[in-house]
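Right, one structure below, let's go through it.
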Amino acid sequence: MQTAYEMVIGLEVHVELKTRTKIFCGCPTAFHAPPNTQCCPVCLGLPGALPVLNRDAVTFAVRAGLATNCRIAGFAVQDRKNYFYPDLPKAYQISQYDHPLCQGGYLDVEAEDGPHRVGITRIHIEEDAGKLLHNDADGTRMDLNRCGVPLIELVTEPDIRSAAQARAFLQKLRAILLCAGVSDCKMNEGSMRCDVNLSVRRRGEKTLGTRTEMKNLNSFAFIVRAIEHEFQRQVDAVSAGESIVQQTRRFDPATGKTYAMRTKENADDYRYFPDPDLPPIFLTDGDIQAIRAALPELPNAKQARYERDFGLSVRDAAALCAQPPLCDAFDAAAPLCKEPLRLLHLMLGELLRLYDGEGDVPVSPARLAALANLLSDRVIHMGAAKQVLQAMLKSPDAPEKIVRDLGLTQVSDTGTLAQAVERVLDENTALVQTYLGGKENALQALMGYVMRDTQGKANPALAASLLKEAVMKRR
Ligand code: ADP
Ligand code: MG
Ligand code: ZN
């Protein structure tokens, strides 16, 4: 729907880097550890503790920058961002201010409303804060395991004009970061989180309106709902002659509404200054080249490869490449498949729907290949393969065994199939006459009845040839 107003959105995305250890100490970064078991004096900022920068955090951030078309700085500085909050024991966060690692990138996205380029202002490294656990029974507790987990913060230009574009951008970014191996991007575990800055203006207007910021949205669905609600709220306010207050707002998924949390701090309230314990980061062209050369295959290249090697449509290839773990599973399974294309169709037709997009693919490449080979050997047809795949998610059994247990083995016995064909022809004499009278597609209908008669288990090629033969005999 075209309204008099358009939305303007810029995103800030925080992504936890999957380095083995934290950004300034040797503490592990594993997610499910018991509270406060992964902290040392550096994490807690105890007096006298000194941070030492983790080289992998820089490498990962540069990878992210290269993968999103950024310029990589040869000189970067780490600054203290000073503020008080209970989850930040040092009362400052080590971040980057005016010399970030990466600047001036972009991503091209394909949303339902067409192709669109979104500028990336910057990517910088910083440390994560701890977590407050609120609980009605015993109040608020503090888990500081997350202190010092390395993050990148990516900031976009205010280039996004719809919820669909915001979603497409984040999905593309997520696929890129997964392929680049810098993060597991699990929104449900908070390793990828997004702040949405949104303002409205009359269409055609050049200056930006006053924005609000919605913090820490952690699912694509919430992001879309929050944007749609906040856009409408601002349009209603502006249409009624009110002005928008620059503030941070919270989206409540239960009500689908946004609520004011606090009016926005200005950047200089944080009293940024270079951390005196950390020297500047210098990267030579050679360092940057080496990181570029080691970049794994990214989604655009993957997509082109599937289109070229397997004749996939742009749409199918894009759907698969939005889920890099599925691509990895396919690439590992393909050499074990008699006909890899059958596995691709099975993955697009069913696994894409069953996979939640977070974490490992629930079926190993070897088992996927075994299932695809049952298709190639005509033991089962596609409908049965989908059923077997569903069962494989819950059972470690070999696909062959599941096929037998579910009674899905394809019927390729000529005698049995010929009987089914005769039954169908006897019961559908009118259709037979229609076909013999020249209506080719009546044969499709008859074929449908044969499949139904055999509970979908007839070997389709064999059944079709028997059917054709038998029907001609009734001329
Ligand atoms: P801050 O440092 O306060 O977070 P920035 O200027 O860095 O502010 O902007 C943060 C994000 O807000 C960026 O993604 C930017 O594109 C976006 N943004 C800035 N102004 C607007 C606006 N008027 N409307 C929508 N988004 C905006
Ligand atoms: Mg901000
Ligand atoms: Zn530590």
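Below, all heavy atoms of this structure are taken into account, side chains as well, without hydrogens, waters or symmetry copies. Atoms within a ligand are numbered from 1 in the order they appear, just like the ligands themselves. We number each residue from 1, following the sequence as shown.
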Less than 3.5 Å apart, which donor and acceptor atoms pair up between the side chains of residues 309-316 and the rest of the protein, not counting sequence neighbours?
residue : atom : partner : partner atom : Å
Ser313  : OG   : Asp316  : N            : 3.0

NZ or CZ of [X] within 45° of [Y] ring axis and under 6.0 Å:
X      : Y      : result
Arg202 : Tyr5   : yes
Lys81  : Tyr270 : yes
Arg80  : Phe273 : no

Consider every N or O of [X] and every N or O of ligand 1, then say whether any pair is closer than 3.5 Å.
X      : answer
Thr210 : no
Pro158 : yes
Leu208 : no

_Heavy-atom pairs closer than 4.0 Å: do any link ligand 1 to the side chain of Leu11, the backbone, both, or neither?_
backbone

*asked:* Between Ile402 and Ser395, is there a side-chain heavy-atom distance shorter than 4.5 Å?
replied: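 Contact flag for Ser395/Ile402 side chains = yes.
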
_Please determine whether salt bridge (Lys or Arg N to Asp or Glu O under 4.0 Å) holds for the pair Lys18 and Glu16, giving the CA-CA distance in whole Å, both sets of side-chain angles, and the decisive distance to 0.1 Å._
CA-CA 6 Å; Lys18 61 176 193 195; Glu16 284 181 0; over 6 Å; no

*asked:* Quick check on contacts: which atoms of ligand 1 are under 4.0 angstrom from a heavy atom of Val155?
replied: 13 (C), 14 (O)

*Atoms of ligand 1 less than 4.0 Å from Gly10 heavy atoms?*
14 (O), 16 (O), 17 (C), 26 (N)

*Report the residues that fulfil side-chain hydrogen bond (donor to acceptor under 3.5 Å, both in side chains) with Thr68, sequence neighbours left out, ordered by chain and then residue number.*
none

*In chain order, what residues pass the side-chain hydrogen bond (donor to acceptor under 3.5 Å, both in side chains) check against Thr207, with sequence neighbours excluded?*
none

*How many angstroms lie between atom CD1 of Ile120 and atom CZ of Arg117, to the nearest 0.5 angstrom?*
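Answer rounded to 0.5 Å: 10.5 Å.
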
_Nearest-option assignment for atom 3 (O) of ligand 1, heavy atoms, candidates Arg211, Arg201, Arg122, Glu157_ =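 Ranked by closest heavy atom to atom 3 (O) of ligand 1, first place is Arg211.
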
_Heavy-atom proximity to atom 11 (C) of ligand 1, best of Leu198, Thr212, Asn197, Val8_ = Asn197

*Report the protein N/O/S neighbours of the Zn ion (ligand 3) that fall below 2.8 Å; do not count waters.*
Cys25 SG, Cys27 SG, Cys40 SG, Cys43 SG

*Carefully, step by step, assess Tyr92 and Tyr83 under the rule ring pair (Phe, Tyr, Trp, His ring centres under 6.0 Å).*
CA-CA 6 Å; Tyr92 63 83; Tyr83 67 98; 9.8 Å; no

